[in-house]
Amino acid sequence: MRDFSDMSAIRHALSTKREDDFAAWYQEVVSAADLAEESGVRGCMVIKPWGYGIWERIQRLMDDRIKAAGVQNCYFPIFIPLSNFTREAEHVEGFAKEMAVVTHHRLIADGKGGLIPDPAAKLEEPLVVRPTSETIIGDAMARWIQSWRDLPLLTNQWANVVRWEMRTRMFLRTSEFLWQEGHTAHENRDDARTETLRALEMYRACAEDDLAIPVFAGEKPENERFPGAVETWSIEAMMQDGKALQAGTSHYLGTNFAHAAGIKYQDREGTETLCHTTSWGVSTRLVGGVIMTHGDDDGLRVPPKIAPHQIVILPMLRDKPEDERLLAYCEEVRASLAALSALGEPVRVLLDKRPGKAAAKRWDWVRKGAPVIIEVGSRDMEGGKLAVLRRDAIWNLETGKSAFSYPAREDFVAGAADLLAEIQQALYAEAAERRDANITRGVTSMDEVAAHFADDVKYPGWLEVQWSKPTGAALDKVVEQLKALKLTLRNVPREADAADGSCIFTGEPAVERVLVARAY
RNA sequence: CGGGGAGUGGCGCAGCCUGGUAGCGCAUCUGUUUUGGGAACAGAGGGUCGCAGGUUCGAAUCCUGUCUCCCCGACCA
């Protein structure tokens, strides 16, 4: 991994640099960019307006893609009867250890000023707070599908889910998180697999085009499969510390869940047949991915497509009567920018009229990562100019000062849409270049793997190795070997070259190339 | 869930070992002087020290329990 910067003389907006302590830096960004805060409830966070605004943008863009594919939104209950889970053995085993369970429906006074669950109000059957909704949506599908004419059934829901995680991190792994889960049912394997891959490519497009995060889309190895799935596919992104983040998953579930829930249809010949189902999801974890892909030592940098405010205007108020004229001028600038269209949508501009010095507010917006920050003083107003700061390049590396430019107002407005598109592209290019520079190919032995990931190697990045795709016990052995080095198998990228060597683990002829990395 | 660390004004911390009426920096508010780039000075407000018990004349400080956060591990689409 290349150096984050050689700008040691610069006074950055954060106190922790990525290079010094990436985990501490991450937490500082979450708090300094005003994204989220601890709630006092284990593993649960309060998502603040700027953080939620980014999530809402992601939601909007993803929802458009989902609907464009003909998938319809629904909403299913948060509570799932415990017995639903016992129908699919692997599924229950996969989630049993991390489920929150509701057992009572009433509280009574404990006589000591507190409240306890009323023993008389114990539920006949405990309700599980959904960790994912395959089982309850499967029930609905079984009711909704009778004929081949009812297929495919394409549904999605935006919801919160709860998984009682042992170790949590803001956005990356929280006990409760927000996500979308698509659930579809099809006539046959081919149709279901096509849908699984459609969703996967939708995630790739959203990650790369909207979040500016380059990803590898590919199939997960057998040991990483979703409980109950026949195939699990993922998009994998490289964070700035070289670790991998699984940013979205798409599963081909075969007939496993259809069998468990009785999702059947009469085919064209009148034969009762099990459906083939899929499920796919992305979550608020994507916000964590944005932070660790685009954040820098001054805070977050939000790609324009998902920035709640793409351009922020800061009037240099003096707390004097002439402020009014300046504000009126800034409002004109705001209106002319808001009338533009950039990246396919109206430009989102904020005129930040809060009292306070422009410089202080500027650093606020730098930490939050607004793509473009404009400062306007009375002299700018007289000269018809603006002071413009691009968040993706805020430092003049020669002077160590903020890299303001001072275009004429009309020129800036005329070029604003292009500027936002350029920033979106620049963030993607920077991330893609960094990722590609940190993937090593051609490693042919476990000794080389161990050396590559030795403790004194600061940014080992990822390996792409050839393997024979072992299964069962042979795969378990590989996983154990990698685990000793804190490594995991990520996925087999669809676009990877064909194998032409031997398996790095077994020595047998290789059949494909798989990514190996440390992971979140 | 195992090992380690931590919870004291909004934020960051000191005080705790060796109990004796709570302190610093930043932020906030007021005033003055400034101000084209993260202002200076002066003054003011704000905390039952995570929570619950216990020991004691007296607890931020000692003891027990508990909750939450951070790091390592186990676990984890």
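Residue numbering restarts at 1 for every chain, and letters A, B, ... go by the order of the sequence lines. Only heavy atoms go into these numbers, but all of them, side chains included; no hydrogens, no water, no symmetry mates.
- Only the C1' atoms considered, U35(B) is 15 Å distant from C41(B), to the nearest whole Å.
- A salt bridge links Lys220(A) with Glu236(A); the closest basic N to acidic carboxylate O contact falls under 4.0 Å.
- Per the geometry, CG belonging to Leu317(A) stands 20 Å off P belonging to U34(B), to the nearest Å.
- Rounded to an integer number of Å, the gap from CH2 of Trp363(A) to P of C11(B) is 24 Å.
- When the C1' atom is compared between A44(B) and A27(B), the two are found 14 Å apart, to the nearest whole Å.
- Geometrically, Arg130(A) does not engage Phe76(A) in a cation-pi contact, judged by NZ or CZ lying under 6.0 Å from the ring centre and within 45° of the ring axis.
- C11(B) and G47(B) have their C1' atoms separated by 14 Å, given to the nearest Å.
- Mapped onto RNA chain B by nearest heavy atom, Gly377(A) and Pro131(A) fall at different nucleotides, with Gly377(A) at the one closer to the 5' end.
- Ion pairing between Glu331(A) and Arg334(A) holds under the 4.0 Å rule for side-chain N and carboxylate O.
- Between Val516(A) and Leu489(A), some side-chain heavy-atom pair lies under the 4.5 Å cut-off.
- Atoms CD (Glu224(A)) and P (C76(B)) sit 10 Å apart, rounded to a whole Å.
- For the pair Glu98(A) CD and C1(B) C1', the computed distance is 14 Å after rounding to whole Å.
- Nucleic acid contact class of Ala360(A) (heavy atoms, under 4.0 Å, all strands): none.
- The separation between Arg11(A) atom CZ and A39(B) atom C1' is 11 Å, rounded to whole Å.
- For the pair Lys220(A) and C76(B), the criterion of a side-chain N or O lying under 4.0 Å from OP1 or OP2 is not met.
- A39(B) and U18(B): their C1' atoms are spaced 45 Å apart (whole Å).
- Taking atom P in both U66(B) and G23(B), the straight-line distance is 34 Å, to the nearest Å.
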Protein N or O to nucleotides 65-70 of chain B N or O, pairs below 3.5 Å:
unit_1: C69(B); atom_1: OP1; unit_2: Gly43(A); atom_2: N; d: 2.6
unit_1: C70(B); atom_1: O3'; unit_2: Gln27(A); atom_2: NE2; d: 3.3

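- A side chain to side chain contact (heavy atoms under 4.5 Å, CB included) with Trp280(A) is found for exactly one of His251(A), Gln180(A), His183(A), namely Gln180(A).
- Look at CG on Leu14(A): it is 20 Å from P on C26(B), rounded to the nearest Å.
- In summary, Asp297(A) and Arg18(A) engage in a salt bridge, as defined by a charged side-chain N under 4.0 Å from a carboxylate O.
- Nucleotides G65(B) and C24(B), compared at atom P, are 35 Å apart to the nearest Å.
- No donor-acceptor contact under 3.5 angstrom links the side chains of Thr196(A) and Ser250(A), judged on distance only.
- Remark: RNA chain B takes part in the stems B:1-7 with B:67-73, B:10-13 with B:23-26, B:28-33 with B:39-44, B:50-54 with B:62-66, each of 3 or more antiparallel Watson-Crick or G-U pairs, criterion distances under 3.5 Å.
- Proximity of Lys486(A) to the phosphate of C72(B): no side-chain N or O atom is located under 4.0 Å from OP1 or OP2.
- In the set G36(B), G38(B), C71(B), C71(B) carries the atom at the smallest distance from any side-chain atom of Arg167(A).
- With Tyr252(A) as the fixed residue, the side chain to side chain contact (heavy atoms under 4.5 Å, CB included) test singles out one of Glu219(A), Arg189(A), Glu195(A): Arg189(A).
- With rounding to whole Å, Lys483(A) atom NZ is found 15 Å from C72(B) atom C1'.
- Residue Arg367(A) has its side chain nearest to G38(B) when only G38(B), C1(B), G36(B) are considered.
- As judged by a 4.0 angstrom heavy-atom cut-off over every strand, Arg362(A) is placed among residues touching the sugar-phosphate backbone only.
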Extract all donor-acceptor atom pairs below 3.5 Å that involve side chains of residues 368-375 of chain A and protein atoms in other chains or at least two apart in sequence.
unit_1: Glu375(A); atom_1: OE1; unit_2: Arg362(A); atom_2: NH1; d: 3.3
unit_1: Glu375(A); atom_1: OE2; unit_2: Arg362(A); atom_2: NE; d: 3.4
unit_1: Glu375(A); atom_1: OE2; unit_2: Arg362(A); atom_2: NH1; d: 2.7

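- Contact annotation for Ser378(A): base contact, defined as any heavy-atom pair under 4.0 Å involving a base atom.
- Residue order along RNA chain B, read from the 5' end via each residue's closest nucleotide, puts Met381(A) first among Tyr520(A) and Met381(A).
- Taking atom P on both G25(B) and C17(B), the two are 25 Å apart, rounded to the nearest angstrom.
- In this structure, Asp191(A) does not pair ionically with Arg198(A), as no charged nitrogen and carboxylate oxygen lie closer than 4.0 Å.
- Look at the P atom in both A60(B) and G53(B): the space between them is 14 Å, to the nearest Å.
- Rounded to whole Å, atom P of U28(B) lies 12 Å from atom NZ of Lys357(A).
- The closest donor-acceptor contact from the side chain of Thr168(A) to the backbone of Ser175(A) lies at 3.5 Å or more, if one exists at all.
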